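To start, the structure itself, in structure tokens.
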Amino acid sequence: MPDLLVGERRVSVDPASNLLDSLLGAGIAVPYSCRAGSCQACLVRCLAGEPLDAKPEALDPARREQGWRLACQCRVIDDLQIQLFDPGRDGIPARIQACDWLSEHVLRLRLLPQQAMRYRAGQHLLLWTADGIARPYSLASLPQEDSFLEFHVDCRQPGAFSDAARQFRVGEPLRLGTLSGGALHYDPDWQARPLWLLGVGTGLAPLYAILREALRQAHQGPIRVMHVARSTREHYLAGSLLELAARHPAIQLDLIEAAALPDALAALRPGSRQTIVLACGGPDSVDAIARRLYLAGLPRSQLFSDLFLPHA
């Protein structure tokens, strides 16, 4: 049986056992969320030995070279010594610049990192509270333009991070973990093509950044923005989106209540086979959008999506 060494602890595990499950089963606290290699909350560093990695492409080459792996994607096949990600040692310090409620359930969080960060519109970032609670959130800010990092935290359901976020105050410290994502992005080659941005709930956050990125790059084609929310009051960026639409006639804005989503999907028909669609939100809603667009003739290669998965 392989031995798993974490600090001073040595644990014997079953051959080919999942690394995350082995750690949790031994009572070693490791944050995790999606178990799909997307959120990157379960980051660990291999000091000796090498696990079997089912998804090596989930981490950038520089991090892999440093020994970092995602525990949820690894199996222990031989003796392995690892080091857990420590936000105090490995994370980037940041402070809360602003936190305010955009709606009854959506908290806008703006952070000032203590060192420069390079990111792309559409990526997400792992946030750590001072008490060690970790959760990935999509960036709603625009790189090279906004001086802060902006996140939209859905506090409708109870959760360790969202419960902590309700108590956040300006000036409090947070730590920043790894950047991930990339399915949602803006490609300059799309400039002349119709662009649809379909967000459900706070799935609007990364699309808001991508919308502004497209406008900054002088997108020439029509842009359709659709936001699906539980109620009219939960269209939390309606004011900002209406202002952008007023300044840019190419933007078509659709604010849809969740109860009306089936009818809205039935009416979705891309006017051009050149249309690029970016969708973000919960799995059920995004899957329904993807199925409808495929049936309407949109090539699968022109749909890019990011799923907001519930905590595993």
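Just so it is clear, the model here is predicted, and its values are computed rather than measured. Counting from 1, the numbers follow the sequence of the chain as shown.
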key: R212 to Y208 six-membered ring, cation-pi geometry met (6.0 Å, 45°)   = yes
Donor-acceptor pair, side chain of S240 and main chain of L237, under 3.5 angstrom:
no
Kindly indicate whether a cation-pi arrangement holds for R175 with W128, taking the cut-offs as under 6.0 Å to the six-membered ring centre and within 45° of the axis. no
Practice task
Check whether more than 12 heavy atoms from other residues, nucleotides or ligands sit under 6.0 Å from atom CZ of R89, and answer yes or no.
Solution key: yes
Tested for side-chain contact (heavy atoms from CB on, under 4.5 Å) against L268, the lone hit among L293, L295, L298 is L293
Partner of F304 under ring-ring contact (aromatic ring centres under 6.0 Å, His included), picked from W190, Y186, W196, is W190
Neighbour count >12 (heavy atoms, 6.0 Å) for atom CZ, R10 | no
_Taking R273's backbone N and O only, do any of them form a donor-acceptor pair with Q302's side chain (distance below 3.5 Å, no angle check)?_
yes
Check: Are L149 and F161 co-members of a hydrophobic cluster defined by side-chain heavy atoms under 4.5 Å apart?
Finding: yes
- Query: Has R292 got its NZ or CZ under 6.0 Å from the middle of the six-membered ring of Y294, at an angle within 45 degrees of the ring axis?
  - Reply: no
Are L139 and L127 connected, step by step, through hydrophobic side chains (Ile, Leu, Val, Met, Phe, Trp, Tyr) whose heavy atoms are closer than 4.5 Å?
yes
- Task: Would you check if there is a donor-acceptor pair between the side chains of S141 and Y119 at a distance under 3.5 Å?
- Result: yes
Hey, quick one: are L174 and L112 part of the same hydrophobic cluster, counting side-chain heavy atoms closer than 4.5 Å, chains of contacts allowed?
-> no
More than 12 heavy atoms from other groups under 6.0 Å of CZ on R233: no
Discussion item. Using modelled atom types and a 3.5 Å cut-off, is there a donor and acceptor pairing between side-chain atoms of R108 and backbone atoms of L102?
Written reply: no
Q: May I ask you to decide if Q167's main-chain N or O and R169's side chain share a donor-acceptor pair within less than 3.5 Å?
A: yes
Would H227 and Y236 count as a ring pair (Phe, Tyr, Trp, His ring centres under 6.0 Å) if you check the C-alpha gap in whole Å, the side-chain angles of each, and the deciding distance to 0.1 Å? CA-CA 10 Å; H227 183 224; Y236 65 90; 5.6 Å; yes
How about E65: does its CD atom have over 12 heavy atoms from other parts shown lying under 6.0 Å from it?
no
Rounding to 0.5 Å, atoms CD1 (I210) and CG (L215) come to a distance of 12.0 Å
Problem set entry | Backbone of F148 reached by a side-chain donor or acceptor of D146 within 3.5 Å | no
Exercise for review: Verify whether one side chain among T232 and E257 offers a donor that lies under 3.5 Å from an acceptor in the other.
Suggested key: yes
For L261 and S285 the tightest heavy-atom approach is CD2-OG, 4.4 Å
Stepwise side chain to side chain donor-acceptor pair (under 3.5 Å) test for E150 and H152: CA-CA 7 Å; E150 180 170 314; H152 301 159; 2.8 Å; yes
Is the CZ atom of R110 crowded by more than 12 outside heavy atoms at less than 6.0 Å? yes
Practice problem: Check whether any side-chain heavy atom of W68 sits under 4.5 Å from a side-chain heavy atom of R64, and report yes or no. | Solution: no
